[in-house]
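What follows is a short report on a single structure.
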There are 2 protein chains.
Amino acid sequence: MAHPLPDVDDTSGLCEQGRDLIRDVLARVGDKWSVVVICQLGDTSRRFNELRRMSEPITQRMLSATLRGLERDGLVTRTVHDTKPPRVDYALTPRGFSLLEIVRALAGWAEDNAAGIVDSRTAFDAR
Amino acid sequence: MAHPLPDVDDTSGLCEQGRDLIRDVLARVGDKWSVVVICQLGDTSRRFNELRRMSEPITQRMLSATLRGLERDGLVTRTVHDTKPPRVDYALTPRGFSLLEIVRALAGWAEDNAAGIVDSRTAFDAR
DNA sequence: CCGTATCCTTGCAGATACTG
DNA sequence: CAGTATCTGCAAGGATACGG
C-alpha cells in the first residue's frame, strides 16, 4: 500500500490525506449521471426504466453502468422481484443518503453562487 | 437567461433546479486538478511553478488550463508582478474559500466512509 | 520563470442491435 | 421490463517543443 504522501507540510488539511480514495469520491460526485440518479432516489426507490425516463437523456448503457458503480460502492441497493414482468428496484443505502446530504449542500452552494459565477465568466470572456 | 426547468415535478429538491449550472459546478469539483489546486491555495497564495511541484504529476498544460478555468469562475485571482524574473501569484477569492469549505466537507465524508466503501467494493467484486 | 502551440494517444460515451 | 454487446467518434489530456 502506497503511503499517501509522507510529505513535509500538511498545511492543506484533509485534502492531502488519502488522495486516491478522495479523488475517487470526488470523481463520483463530479460524474454527471451519478449525482442525478442519487438525487432521484432521494425520495423513494425507483425502477430501472423509471430512472431512465427521469434522467433523460441518459442512455441505457450509461444508466446501467452508473447504477452498477453506485451499487459497488454501497450507495444504492438493487432488489430483483421475481414477478412475471421482471421488476428491479433501486434504492439509496444509509451511506447513499449521507452522500445525498453533501451533494445537496454542494447544489445549494452552486445556487447561491450561480449569478456571481455567470458574472465572472462574462467579465473574463469580455477580454 | 434560461428559466431553470419549469418542470412538472420537483420531488428531488435542489438537484433539479438550474441543472446546467449545477452540473457545471459539480464537474469542477469532480475535476481532478481543480480540487487539488484549490486545496493548495487554501493556506496562502502560490506561484505557478510552486503549484506545479505541489500538484505533481500535473502537466504545465493542465495546470495552466485549470488555473484559467478557476480564474474565469472568480475562484482564484492571478496577480502578475513585473519583476526581473517574471512572478505570478495565484490566490483564492472569497468565493474560492467558500467552495473550499464544501470541498473539505466532501473530503471529510470520503474519509469517514473510506473503509466502508472499500469493503463494499471488495464484497461486490468477490462475485 | 511563465506560459502557449502542436501532435498524438486513449478512454469515455453515444447509437444501435440483440437477449433473458 | 431490464439489461448486455459491439462498434465508432470525439474530445480530454499527456508529451514535447517553442515563445514572452
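Chain letters run A, B, ... following the sequence lines, proteins first and then strands; every chain starts at 1.
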Taking [atom1] from [X] and [atom2] from [N], how many angstroms apart are they, rounded to a whole number?
{"X": "B:Arg23", "N": "C:dA13", "atom1": "CZ", "atom2": "C1'", "answer": "14 Å"}
{"X": "B:Arg53", "N": "C:dC1", "atom1": "CZ", "atom2": "C1'", "answer": "10 Å"}
{"X": "A:Asp82", "N": "D:dG3", "atom1": "CG", "atom2": "P", "answer": "13 Å"}
{"X": "A:Ile58", "N": "D:dG3", "atom1": "CD1", "atom2": "P", "answer": "13 Å"}
{"X": "B:Trp33", "N": "D:dA12", "atom1": "CH2", "atom2": "C1'", "answer": "13 Å"}
{"X": "B:Met62", "N": "D:dT16", "atom1": "CE", "atom2": "C1'", "answer": "14 Å"}
{"X": "A:Glu56", "N": "C:dG14", "atom1": "CD", "atom2": "P", "answer": "13 Å"}
{"X": "B:Lys32", "N": "C:dC12", "atom1": "NZ", "atom2": "P", "answer": "12 Å"}

Q: Let me have DNA chain C in dot-bracket notation, would you? Count Watson-Crick plus G-U wobble pairs, both distances under 3.5 Å, and use [ ] for pairs crossing earlier ones and | for inter-strand partners.
A: |.||||||||||||||||||

Detail all sub-3.5 Å separations between protein N/O atoms and N/O atoms belonging to nucleotides 2-4 of chain C.
from: C:dC2; atom 1: OP1; to: B:Arg47; atom 2: NE; distance (Å): 3.4
from: C:dC2; atom 1: OP2; to: B:Asn49; atom 2: N; distance (Å): 3.2
from: C:dC2; atom 1: OP2; to: B:Asn49; atom 2: ND2; distance (Å): 3.0
from: C:dG3; atom 1: OP1; to: B:Arg78; atom 2: NE; distance (Å): 3.2
from: C:dG3; atom 1: OP1; to: B:Arg78; atom 2: NH2; distance (Å): 2.4
from: C:dG3; atom 1: OP2; to: B:Tyr90; atom 2: OH; distance (Å): 2.7
from: C:dG3; atom 1: N7; to: B:Gln60; atom 2: OE1; distance (Å): 3.1
from: C:dG3; atom 1: N7; to: B:Gln60; atom 2: NE2; distance (Å): 2.9
from: C:dG3; atom 1: O6; to: B:Gln60; atom 2: OE1; distance (Å): 3.3
from: C:dT4; atom 1: OP2; to: B:Ser64; atom 2: OG; distance (Å): 2.3
from: C:dT4; atom 1: OP2; to: B:Arg68; atom 2: NH2; distance (Å): 3.2
from: C:dT4; atom 1: O4; to: B:Gln60; atom 2: OE1; distance (Å): 3.4

Q) Do the side chain of A:Thr93 and the main chain of A:Leu75 share a donor and acceptor less than 3.5 angstrom apart? A) yes

Q. Looking only at heavy atoms, which two atoms of A:Arg95 and B:Ser120 are closest? And how far apart?
A. NH1-OG, 2.9 Å

Q: Determine the minimum heavy-atom distance between B:Gly42 and B:Phe97, stating which atoms define it.
A: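 Looking at all heavy atoms of both residues, the closest pair is O-CE2, 3.5 Å.
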
Q | Minimum side-chain heavy-atom gap A:Leu92-A:Leu99 below 4.5 Å | A | no

Q.
Less than 4.5 Å apart, side chain to side chain, heavy atoms only: is that true for A:Trp33 and A:Leu63?
A.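 They are not in side-chain contact.
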
Q: Classify the side-chain pair A:Thr77/A:Glu71 by whether it contains a donor and acceptor separated by less than 3.5 Å.
A: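 Judged by distance alone, the side chains do not pair up.
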
(Q) One thing to verify: whether B:Asp89 and B:Arg87 come together as a salt bridge, which I'm taking to mean a side-chain N less than 4.0 angstrom from a carboxylate O. (A)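 A salt bridge links B:Arg87 with B:Asp89.
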
Q: Would you please confirm or rule out a distance under 4.0 Å between OP1 or OP2 of D:dG14 and any side-chain N or O of B:Thr59?
A: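 Answer yes for this pair, as a side-chain N or O of B:Thr59 is under 4.0 Å from OP1 or OP2.
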
Q: Run through A:Arg53, A:Arg52, A:Arg46 and flag the one making a salt bridge (Lys or Arg N to Asp or Glu O under 4.0 Å) with A:Glu50.
A: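 Checked A:Arg53, A:Arg52, A:Arg46 against A:Glu50; only one passes salt bridge (Lys or Arg N to Asp or Glu O under 4.0 Å): A:Arg46.
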
Q. Applying the 4.5 Å side-chain criterion to the ILVMFWY set and letting contacts propagate, would A:Phe124 and B:Val80 be lumped into a single cluster?
A. no

